[in-house]
Engineer: 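I have a structure I would like to understand better, so I am pasting it below and will then ask my questions one at a time.
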Amino acid sequence: MNDTILEMRGITKTFPGVTALQDVSLVVRRGEIHAICGENGAGKSTLMKVLSGVHPAGSYDGDIVLDGVPARFHGIRDSEAVGVVIIHQELALVPYLSIAENVFLGNERRGRGGLIDWNRANAEAAELLASVGLDENPVTPVAQLGVGKQQLVEIAKALSKEVRLLILDEPTAALNDTDSAHLLDLLRRLRDQGITCILISHKLGEVTSIADAITVLRDGRTVETLRTGEGEVTQERIIRGMVGRDLESFYPDRVSEPGDEVLRIEDWTVWHPTQDRKVVDGVSLGVRAGEVVGIAGLMGAGRTELAMSVFGRSYGRDVSGRLYVRGREVKARSVSEAIDNGIAYATEDRKRYGLNLIEDVRRNISAAALRKLASRGWVNGNEEIRVAEESRSYLGIRTTSVMTTVGTLSGGNQQKVVLAKWLFADPDVLILDEPTRGIDVGAKYEIYTIINRLVAAGKGVLVISSELPELLGVCDRIYTLAAGRLTGELPVAQATQENLMALMTKDKEAAA
Amino acid sequence: MTSTQRPPAENRAEPESAQAAALHTGTSNLRTLVTRNVRQSGIYVAFVVIVALFAILTDGVLLSPGNITNIVLQYSYILVLAIGMVIVIIAGHIDLSVGSVVALTGAVSAVLVIQQGYAWWIGVLAALLVGVAVGAWHGFWVAYVGIPAFIVTLAGMLLFRGLTLQVLDNISLSPFPSEYQRVANGFLNGLLGGQGYDAFTLFIGAFAVAGYAVSVFRTRVARIRYRQPVESFPLFVARVVAVAAVVMYFAWQLAHARGLPIVLIILGVLVIAYAVVTKRTVFGRQVYAIGGNLSAALLSGVRVRTVNFWIFVNMGFLSAVAGVIYSSRSNGAQPAAGTMFELDAIAAAFIGGAAVTGGVGTVVGAMVGGLIMAVMSNGMQLMGVDQSIQSVVKGLVLLLAVAFDIYNKRRGGAASR
Ligand SMILES: Nc1ncnc2c1ncn2[C@@H]1O[C@H](COP(=O)(O)OP(=O)(O)OP(=O)(O)O)[C@@H](O)[C@H]1O
Ligand SMILES: [Mg+2]
């Protein structure tokens with residue numbers, strides 16, 4: 001089975017001031033899972049947007065040949081009509097509509113008189129849900145599902161369009177290990193049914209385990225295509241292609257010298273904003289200067305809720321408990337008070353909560369500490385530019401200028417802008433919620449290095465992450481959270497993925 | 001990304017060399033300059049085209065000294081409203097009540113000055129106080145109770161129109177004493193003499209040009225010091241000369257009519273003050289942050305409620321300024337004063353490049369947007385075009401302006417968002 005389903009030849013795509021793709025070629029064989037790897041901003045998403053007609057024919061150079069026929073898509077309707085379906089990096093479901101409504105959105109099941117036949121729609125949706133292994137009622141609103149299940153709904157939606165070539169842009173970035181494994185299993189099953197998949201992912205472990213072929217992009221050019229069965233494909237090999245050199249290790253070394261406690265939370269309890277239940281229940285923990293502390297927990301364990309409620313009560317209601325920064329009790333009742341007291345929180349959802357996407361890099365960086373650039377309410381614009389330039393070189397933010405709109409940066413570079421914003425606020429404690437979500441290996445290493453530099457400067461860092469290897473790699477100590485309760489605390493020397501997992505699921509039986 | 005340039009290690013060149021460099025660095029590539037500012041340049045081009053068009057259609061009457069003076073007097077209050085409105089819109093709100101507030105503040109002033117015989121400045125002060133109170137009322141409901149501004153100000157539109165009727169007891173009041181009338185109809189002239197023209201007006205024009213030149217040159221030096229792209233020196237000079245020519249022509253025409261209108265001074269001060277406030281102050285920047293992404297602003301420590309509250313207080317204040325100017329110009333207060341002013345102000349902001357979704361817009365843009373509307377109305381009046389047709393044309397221009405804006409954004413590559 002060597003027949004080619006897709007060939008992209010000499011694709012060049014430029015944006016004002018940026019060449020995102022230059023003479024890129026991609027050959028995908030029928031029925032394979034083809035992974036695309038590359039650093040942040042390498043052009044992966046752009047290539048897929050070209051393929052699916054998001055960037056319409058004419059806005060790029062080069063040819064797309066699908067099943068031997070030249071294809072010119074003017075929008076995603078065109079590409080979907082021939083069975084090419086893309087699931088974007090950011091999920092595109094309507095939260096208040098039901099699963100079935102989302103699945104058939106834009107592709108409604110019509111009955112007599114052109115009216116929507118809901119019985120048929122719900123029945124068909126149920127079948128599709130079964131085929132993706134999602135055990136939910138089709139009339140459930142999507143907002144009630146976790147990210148993992150929403151991802152499956154997206155795939156069900158794609159299947160409803162009779163997909164032949166399914167494109168997934170970082171589908172597992174926001175998923176925990178169990179949900180990721182589930183999704184990858186589903187992709188294997190789809191492959192067995194003859195559906196070709198293109199998969200973009202920064203998780204090289206899953207890439208090597210599932211992909212039949214891997215195309216590596218670097219700086220908008222194709223570096224190579226590796227095929228399993230034609231030589232050895234290892235993570236090291238892919239990384240060399242991506243960054244153009246070998247990466248010695250995933251985590252930079254650090255000598256840890258914890259000092260005094262910078263953050264202490266006592267008996268912290270938070271209620272759900274609308275429902276009558278506790279999301280965080282009597283949690284006490286501490287972070288010392290020069291220390292990186294991790295919080296491990298499953299989806300819904302209350303990690304983000306804990307962090308956001310500490311950060312000026314930006315989540316939940318009836319928050320109770322005591323909060324100490326550098327030994328002094330503080331009442332951070334609003335975000336600005338929290339910032340003034342030296343607490344910073346970098347969100348896990350940078351697009352929704354972290355960045356003003358229509359504003360430029362410079363102004364996003366200064367947003368949380370504008371007062372530092374101002375005297376008597378007047379902002380020093382030149383100083384602001386200087387600060388932005390400094391952050392750009394310090395963090396290696398790849399952008400043509402600090403005046404570039406943040407919305408046009410690649411995901412990883414957007415994440416660095418979020419970090420830059422909080423570094424500029426110069427907090428005592430920095431809470432990082434999924435700091436490396438959707439970030440390439442090279443940039444991850446850079447971010448870990450930044451964390452190390454922060455703690456070396458005497459700050460405390462609290463890291464929330466769904467990736468246990470990451471926590472094990474960067475932390476000194478790890479707390480585990482399950483169903484809002486603290487279930488354990490381990491120094492990293494004693495922690496393993498297995499015992500952390502056991503602690504993270506400890507509460508499950510008790511709660512059930 | 002292939003065209004990434006790492007920033008130079010040394011970001012700040014020496015100040016002296018930056019000043020020297022200001023004379024000979026920069027790009028002459030007009031295309032990059034224009035595409036960089038396409039939104040902004042778009043409305044300026046449209047403005048010039050519309051002025052030229054109506055100047056031709058009216059055989060030059062549009063640009064005659066008397067008529068230019070007229071445009072200033074006739075539309076100043078809309079422009080004042082547009083300043084407040086664009087700030088409201090940038091923050092992602094809207095204010096439908098400003099017409100009613102113009103009427104109410106004018107009415108309060110008229111009752112005090114005409115009916116009760118107080119001094120003219122007591123009327124002005126009272127109007128401003130009422131405006132601020134109205135703004136605080138709106139701000140309270142929007143910021144602290146969390147009701148969408150559309151609803152709050154829709155209610156305000158009815159409420160304050162009703163109060164206007166109450167205050168005026170359903171009748172019109174007039175006339176104001178002559179001091180009060182001078183606010184909108186007075187001129188400063190003869191201060192420096194001049195024969196057949198007013199030297200003072202020309203002096204103010206020249207002063208404005210000089211101020212503009214100095215400020216843009218300083219911006220240029222600063223940008224070079226921080227290694228930001230700038231246009232080449234000849235282009236820079238051309239820009240300054242063009243602006244100077246327009247301003248001096250305008251001043252020349254005014255000087256040959258009745259001199260410098262007092263409202264123009266009020267308007268000029270407000271425009272400069274608010275342009276600076278929106279661009280350079282923490283408050284102004286927080287307005288943009290709130291409109292751009294409310295959640296992100298909240299999580300960056302912006303005191304969103306406080307900022308929203310003051311945005312509406314400010315809108316109330318500017319509505320009162322407009323109310324004073326309008327009552328002064330119409331020399332009295334009428335129950336139906338200010339009807340539909342909100343729509344003109346909103347239109348000015350959107351034509352001037354503000355985004356419906358918030359986060360985008362400028363005071364200067366809104367002024368140009370307002371002037372586009374003003375020149376069109378005035379031009380069509382001069383041509384004797386029917387009211388009905390005028391309305392149709394204005395509606396279409398609003399639609400086209402926003403369509404053009406959206407087209408530009410798409411071309412800018414935002415389609416992927
Ligand atoms: N709409 C746009 N306007 C301007 N530049 C853009 C736009 N979309 C992408 N770019 C630029 O094109 C380059 C490639 O971006 P792309 O999103 O394809 O990267 P990516 O490989 O998907 O990265 P990531 O792993 O971070 O998602 C980046 O430099 C980005 O800034
Ligand atoms: Mg991407």
Engineer: Counting a contact as any heavy-atom pair under 4.5 Å apart, which residues of residues 288-303 of chain B contact chain A?
Structural biologist: B/Y288, B/A289, B/G292, B/N293, B/S295, B/A296, B/L298, B/L299, B/S300, B/G301, B/R303
Engineer: Against A/V379, only a single residue in B/K279, B/R285, B/R280 fulfils side-chain contact (heavy atoms from CB on, under 4.5 Å); can you say which?
Structural biologist: B/R285
Engineer: May I ask you to name which of A/E384, A/E39, A/M308 has the most heavy-atom pairs under 4.5 Å with chain B?
Structural biologist: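 Top count of heavy-atom pairs under 4.5 Å with chain B: A/E384.
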Engineer: Find the one option among A/A368, A/S59, A/S314 whose heavy-atom pairs under 4.5 Å with chain B are most numerous.
Structural biologist: A/A368
Engineer: Would one find more than 12 heavy atoms of other residues, nucleotides or ligands at under 6.0 Å from atom CZ of B/R239?
Structural biologist: yes
Engineer: Got a sec: does the CZ of B/F150 have more than 12 other heavy atoms crowding it under 6.0 Å?
Structural biologist: no
Engineer: Measure distances from A/S410 to the heavy atoms of chain B and classify the residue's part below 4.5 Å as side chain, backbone, both or neither.
Structural biologist: neither
Engineer: Inspect the surroundings of CZ in B/R218 and state if more than 12 heavy atoms from other residues, nucleotides or ligands are less than 6.0 Å away.
Structural biologist: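 Count not over threshold, so no.
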Engineer: Name the region of A/L355, side chain, backbone, both or neither, that has any atom closer than 4.5 Å to a heavy atom of chain B.
Structural biologist: backbone
Engineer: Is A/R363 in contact with chain B via its backbone, its side chain, both, or neither, using a 4.5 Å heavy-atom distance?
Structural biologist: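 Its backbone and side chain both get close to chain B.
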